[in-house]
Amino acid sequence: MVTEPAQEKDGAQGARPALLARLRSPWSRLTGWLEAREWDEGAVLMLFGLIIGVGTGLGVVAFYHLIDLAYDVFIVWLGGKLGVVEHAIYRPLLTALGLWAAWFLVRRTRVPDGQNVADVQLAVAKRGGRLRARFVGVRTMASAITLGSGGSAGSEGPVAVLGSTIGSVIGRVLRFQQRRVKILVGCGAAAGISAAFNAPFAGAFFALEEVLGTFSVGAFSPVVIASVVGALTVRPFLGLHPAFQIPEYGSIRVLAILLLYPLLGVACGLWSAFYTRLFFAMPAWVKRVRGPEWLRPVLGGLLVGAIVLSSGGLLIGNGHLAIPTRIFGGSAWYFLLAIALAKTAATAITLNSGGSGGVFTPTLFIGAALGGGLGLLANQLLPSFGLHPEAWGLVGMAGLVAGATRAPITAIFMVFEMTDDYGIVLPLMIVSVIAYATVRRLAPHGLYDGWLAQRGEHLAHGADRALMDRIHAREALDRNVATVRPGATLGDVVAVGARTRQTTIPVIEDDRLLVGVITYEELRQVMLDRGDLALVLVAADLAEPTEVVTPRESLRVALRKMNARALDALPVVESEETPRFLGMLSRADVLAAYERELVQEV
């Protein structure tokens, strides 16, 4: 009796490799075709970026149809059934039902916490870009239910994760190296954001800035290709227009840019700090609710529904990005600030009481209301400046995104692409940078890295900071290094450089005390600039002082020193007081040690 289930289990396990083999077959033929034409790695990655862009764009269209379906079921159909009940009563009930349904779906299928942009960042940094398609599919459905039923969340998070998963699956089916898989994950994230906002450059920079944490040449081209193709794929379905209607505004005066827009940047930074702190304080408040777990999404939905109704219709939507033009300065300034506060609270409640979705889109909404309200107030107080509240609302969107998500470059490109106005670029840059600098002093984390920090993960530029802190320089340094003595002639130095691939040659004394280093660039300049004098120079004349690393310092500290001085390698010495040379630590050594430790941890 026990053999039949075992046989069924074995059959199920055997079916998976067979399925993967069938999936790999067409891809194998494609890679064979590319190999026969001797395409380089960059061209191959750009081709797969194109494929991922198309697949993600179609996935975005399908996701939006799911949102529409959920809206029709929860709001239109059930709302029609409850027509005898007053609107102010049934709308919060329907939102509560939607949040409960999203929570129940995730709980029933045992989907772990995550499947958001921060989780993609973690997958890139620590899991080789591995994302589980089944879990992401369930979370995408839960997000559609949350958005369609009136929850305050964004559609950009699910589509970015969906695109990242497509890239991850393709890379793993083809058995690509982890480095390639990570780039394909970034391609999917770029295509998702680009398709959702009709903003290709913003999508590309979001993936490079937030997901991959690097602007390397190898990743840039395929990510840009995927982003552009993602936007082009959805345009036949969603149109060529921006994600929402851009209000008209006049020219922005230089005096206002220099004197008043910096104040808007400070305000966006302050609100970003409040927003992120409220968002991460909400889970503790939700856990205090007594009763069964299903009560939390129900109560959260009721609160969100009540907030939506109290907004006078400005917060009501069907799940797609929709920012009414009134938000950009078409109401009283105090009402718009109240709307910003209401959207902030509704988003924190929705995503912490059982709902699923992103945070980027609500952040844009909050920034528009905040900027529009402050623009109206500033215009009333300083009418002679000729301020335009609509422009303040648009710039406020970038400021709050820069502060709350810690992605200033993405924020600037996002709003610029939507407006296509070079006149707004300078205010965008000023407000985004000031908001980013302000919030860093007031809140330790943004919406993405804060989610990771609550789970004990600390990432920086696509790497696990905690892991980088645990590895010391002595574990990664190269002891087999070519060196020269202080009295070595220029010819000796050149001969040593010809025998090694090092770009930095240490100059050490007989007792191995470090005198300085000679780089290839310095050698070249000596040969070009000093002419005949170069023949009488010795290594001590060429050696330049340099920053050093001690064996006990972490790789994170070493990398920070390299980045600050644009160095490719640093000498490792016993101590700064006794600089006895032990070896060299290069960027390649840091990366290799990090990858070794990462494999052992996973």
Side-chain angles (χ1 to χ4, degrees), residues 118 121-130 177-183 185-186 208-219 406 440 444-445 448-449 452-453 455-483 500-506 508 512 514 516-517 519 545-602:
Q121 293 175 326
L122 184 62
V124 168
K126 299 190 66 174
R127 300 198 296 261
R130 184 181 181 86
Q177 294 180 348
Q178 288 188 2
R179 175 175 56 83
R180 279 189 171 188
V181 175
K182 292 177 182 180
I183 293 176
V185 168
L208 295 168
E209 184 179 23
E210 282 295 314
V211 176
L212 297 179
T214 178
F215 289 88
S216 65
V217 176
R406 310 295 168 92
R440 283 177 63 88
H445 303 290
Y448 295 143
D449 59 343
L452 293 168
R455 289 149 183 83
E457 303 287 353
H458 302 276
L459 307 183
H461 304 294
D464 183 0
R465 289 189 298 182
L467 191 59
M468 295 283 281
D469 282 331
R470 292 202 299 269
I471 308 174
H472 298 96
R474 62 172 176 267
E475 303 171 50
L477 66 88
D478 182 6
R479 299 181 184 273
N480 187 22
V481 177
T483 62
T500 179
R501 294 184 177 181
Q502 298 168 210
T503 59
T504 303
I505 302 175
I508 61 172
R512 298 195 65 79
L514 180 70
V517 296
T519 66
T546 182
E547 183 65 63
V548 296
V549 180
T550 61
R552 292 186 178 182
E553 287 186 304
S554 69
L555 294 191
R556 183 182 172 194
V557 172
L559 195 60
R560 187 167 64 226
K561 291 181 177 182
M562 292 181 193
N563 291 336
R565 297 161 181 83
L567 299 174
D568 293 324
L570 289 175
V572 181
V573 298
E574 286 186 1
S575 66
E576 294 188 4
E577 295 77 16
T578 308
R580 186 166 284 107
F581 181 75
L582 301 176
M584 293 292 292
L585 182 67
S586 66
R587 292 180 183 272
D589 296 328
V590 171
L591 179 61
Y594 175 80
E595 294 288 350
R596 286 196 303 269
E597 190 70 19
L598 191 60
V599 169
Q600 294 177 3
E601 184 172 282
V602 175

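Values in this document were obtained by computation on a predicted structure and should not be read as measured data.
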Walk me through it: do Leu567 and Thr546 pass the test side-chain contact (heavy atoms from CB on, under 4.5 Å)?
CA-CA 10 Å; Leu567 299 174; Thr546 182; 4.2 Å; yes
Between Lys182 and Gly129 (side chain of the first, backbone of the second, donor and acceptor by atom type, cut-off under 3.5 Å), is there such a pair?
no
When the side chains of residues 568-577 are checked against the rest of the protein, which donor-acceptor pairs come out under 3.5 Å, sequence neighbours left out?
from: Glu574; atom 1: OE1; to: Arg580; atom 2: NH1; distance (Å): 3.4
from: Ser575; atom 1: OG; to: Thr578; atom 2: N; distance (Å): 3.0

Mind checking side-chain contact (heavy atoms from CB on, under 4.5 Å) for Ala219 and listing every partner two or more places apart, or none if nothing turns up?
Ile183, Leu208, Leu212, Ser216
Return yes if some donor-acceptor pair links the side-chain N/O of Arg587 with the main-chain N/O of Leu559 below 3.5 Å, else return no.
no
With a 4.5 Å cut-off on side-chain heavy atoms, are Leu585 and Val590 touching?
yes
Closest non-hydrogen atoms of Gln121 and Val211, given as atom of the first, atom of the second and distance, are CG-CA, 4.2 Å
Heavy-atom nearest pair, Lys561 first then Val548, reads NZ-O, 2.9 Å
Specify the closest pair of heavy atoms between Ala476 and Leu555, including all atoms of both residues, with the distance to one decimal.
CB-CD2, 4.0 Å
Go through the structure and list residues passing salt bridge (charged side-chain N to carboxylate O under 4.0 Å, His left out) with Glu209, not counting sequence neighbours.
none
Taking only residues two or more places apart in sequence, or in another chain, which ones meet Ser554 in a side-chain hydrogen bond (donor to acceptor under 3.5 Å, both in side chains)?
none
Side-chain (Arg406) to main-chain (His445) donor-acceptor, under 3.5 angstrom
yes
Run the side-chain hydrogen bond (donor to acceptor under 3.5 Å, both in side chains) test against Arg440 and tell me which residues pass, sequence neighbours left out.
Tyr436
Once side-chain hydrogen bond (donor to acceptor under 3.5 Å, both in side chains) is applied, do any residues pair with Arg512, and if so which ones, sequence neighbours excluded?
none
Can you give me the closest heavy-atom contact between Ala473 and Thr550, atom names plus distance?
CB-O, 3.6 Å
Tightest non-hydrogen contact, residues Leu477 and Leu582, listed as CD1-O, 4.0 Å
Hey, is the main chain of Ala558 close enough, under 3.5 Å, to the side chain of Glu553 for a donor-acceptor pair?
no
